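Please read the structure below before turning to the comments.
Along the sequence shown, residues are numbered consecutively beginning with 1. Just so it is clear, the model here is predicted, and its values are computed rather than measured.
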Amino acid sequence: MSTTAETTSQAGPREWLGLAVLALPTLLLSIDVSVLHLAVPHISEGLNPSAAQMLWIIDIYGFLIAGFLVTMGTLGDRIGRRKLLLIGAAAFGVASLLAVFADDSATLIAARAAMGIAGATLMPSTLALIINMFRDARQRGMAIAVWVTMFSVGIALGPVVGGAMLEYFWWGSVFLLGVPIMGLLLVAGPILLPEYRDEEAGRLDLTSVALSLATILPVIYGLKEIANDGVGPVPLAAIVVGLVVGVLFVRRQRTLESPLLDLGLFGSSTFRTALVTLLLSMLVAGGTYLMVTQFLQLVGGLSPMKAGLYLLPAAFALIVTAVVSPMAASRFRPAYVVAAGLAVSGVGHVMLSLADSSSGIAQVVTGFAFVYAGGGPLIALGTDIVVGTAQPEQAGSAAALSETSTELGMALGVALLGSLGAAVYRAGVDVPAGVAGADDTLAGAVEATQGLSSNVATALLDSAREAFTNGMNVVGGIGAFVALASAVLVAVVIKMPATGAGEGSDSTEGSADGAVPAVKVEG
């Protein structure tokens, strides 16, 4: 059966069951992001990787997800989003098994690389399918909120699930979750998920694929290197190379009849504003998450599992606001709901900017919960605004851009705000003469106390914890400014009406004629 996706009919039971299936890879990928960091000591003991190999084990997954998002989003538009999703699910399951039984560092790096490429097929495919399955604006908003919620649940559960598995099983067990989840997706996907593809899409331009990878991968690499080792000539050169190639990529897209990335999406001020706001908010969230998790463990003295449990209130707050925000957007303009959330997030950042090392962790946990609570409407409605502005045949590209902005934002946050926090730490810590390794990081200061007298160790730790907290205060202040400025920007620029105001589900802003091109739908 085939038809054109021009209606705004209500989604039925099949679509909602399909959404449950699409939530599975989202949950898995978010768990996988956080669980690996807990496994690092166990992997080091089991495989004895070099320092460079360990960095690649951690980073290669995120590098390749970010690098291939645009390519995979557009590929799904051409060959079919369900087909690409199922191919990616099978590849992710096989790569997970390879990681489970890896017996050397090179094998694990290769497995993680394969997981990253496969993971890049999953995120834009799931979001693009949601766009096409839920054409009614209110239902689409709720569906995206559920999708976002599963991502948030995975981030919250990652440290808890990972800590429990590592306590009772070997390090490879953390990758086992991918096998049954992808297996279930492969079984249920063909039954519950319809196929969508753009019948008018041209051939995939391989030169554009190469240029997109040569744009994103060096930029992500440079940002991560700056986060790990500080500013240096190699990461800066990588970022410059990526930006130069990015200019060539954009120029090529303007000359192609069927570009890899439809630059016409950026003709909409709503699209641009929502995308930039997502990027900035993820930037702040990445830096804030980095500082808060270290504060809980190194200043608050919590174990990784307990720190994960202390992060649950923030995750729960995000889940609640993400689910509630589509209902609020049915009565109020989505921009106002997002702006209100960003204001709440700003309050949380202010609390983090005022915390001190001796006040305990309650203020930090509460402030972080406000940050996440305020981010829920943006993640749910902001994503909906980005993809809802696109035409049906652009769903893969829009979803890929939304995910790419998230990946870049998180990488920028860790690199820029993490580096800023480290600079504040280095400027404020008072290291006793003859003590090495304590002047760069709080973790280094904690390690440097081994073998020192109790008085010297206490003085060093007090100074290091205060210096680190000062760095978190600065990051919190920047986060407050970005959140409040973004709230004003969103409220002023985005004019979309409330979804209950009788408007159709598709915005045609930025489209040449407002027509909805044919997108093949196969039951």
Side-chain angles (χ1 to χ4, degrees), residues 20-69 72 84-123 125-126 150-151 153-190 224 303-305 307-308 407:
V21 172
L22 293 174
L24 294 175
T26 305
L27 176 67
L28 174 66
L29 290 178
S30 59
I31 288 178
D32 195 69
V33 167
S34 55
V35 73
L36 183 67
H37 292 278
L38 291 177
V40 165
H42 303 267
I43 293 174
S44 296
E45 183 178 350
L47 300 182
N48 193 29
S50 66
Q53 286 176 324
M54 180 55 72
L55 284 176
W56 281 114
I57 290 171
I58 296 172
D59 289 338
I60 192 67
Y61 176 76
F63 281 166
L64 294 182
I65 281 185
F68 278 93
L69 276 172
M72 295 305 181
L84 183 64
L85 176 67
L86 297 179
I87 291 172
F92 196 95
V94 172
S96 296
L97 278 176
L98 181 62
V100 167
F101 298 108
D103 56 3
D104 58 62
S105 299
T107 302
L108 184 56
I109 291 171
R112 293 286 293 169
M115 291 169 69
I117 296 173
T121 71
L122 300 176
M123 297 303 285
S125 295
T126 54
M150 296 308 295
F151 192 85
V153 169
I155 291 176
L157 290 181
V160 180
V161 173
M165 295 184 74
L166 290 170
E167 186 171 345
Y168 297 104
F169 305 104
W170 86 112
W171 62 264
S173 65
V174 299
F175 301 112
L176 272 176
L177 289 174
V179 179
I181 289 179
M182 293 306 167
L184 181 58
L185 176 59
L186 288 171
V187 172
K224 286 186 174 288
S303 67
M305 182 180 291
E407 291 288 337

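- Residues I65 and I117 have side chains not in contact (no heavy-atom distance under 4.5 Å, counting atoms from C-beta outward).
- Residues that satisfy the side-chain hydrogen bond (donor to acceptor under 3.5 Å, both in side chains) test with S173, not counting sequence neighbours, are absent from this structure.
- Taking 4.5 Å as the limit, some side-chain heavy atom of M182 sits within range of a side-chain heavy atom of L122.
- Distance OG1/T26 to CE/M150: 8.0 Å, rounded to 0.5 Å.
- For T126, the side-chain hydrogen bond (donor to acceptor under 3.5 Å, both in side chains) test picks out W147, with sequence neighbours left out.
- Scanning all heavy atoms of the two residues, the minimum distance from M115 to A95 falls at CG-CB, 3.4 Å.
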Show the numbers, then the answer: is there a side chain to side chain contact (heavy atoms under 4.5 Å, CB included) between L86 and L186? CA-CA 6 Å; L86 297 179; L186 288 171; 4.1 Å; yes
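- Note that the CG atom of L24 and the CD1 atom of I181 stand 6.0 Å from one another [nearest 0.5 Å].
- Looking at heavy atoms from C-beta onward, D104 lies out of side-chain contact with L108 at the 4.5 angstrom threshold.
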Pair L98, T107 - check side chain to side chain contact (heavy atoms under 4.5 Å, CB included), show working. CA-CA 8 Å; L98 181 62; T107 302; 3.8 Å; yes
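- Side chain of S96 to main chain of F92: a donor-acceptor pair is present (N/O by atom type, distance under 3.5 Å, no hydrogens or angles).
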**OP:** Kindly indicate, with the supporting measurements, whether the criterion side chain to side chain contact (heavy atoms under 4.5 Å, CB included) is fulfilled by V179 and V100.
**Re:** CA-CA 10 Å; V179 179; V100 167; 5.5 Å; no
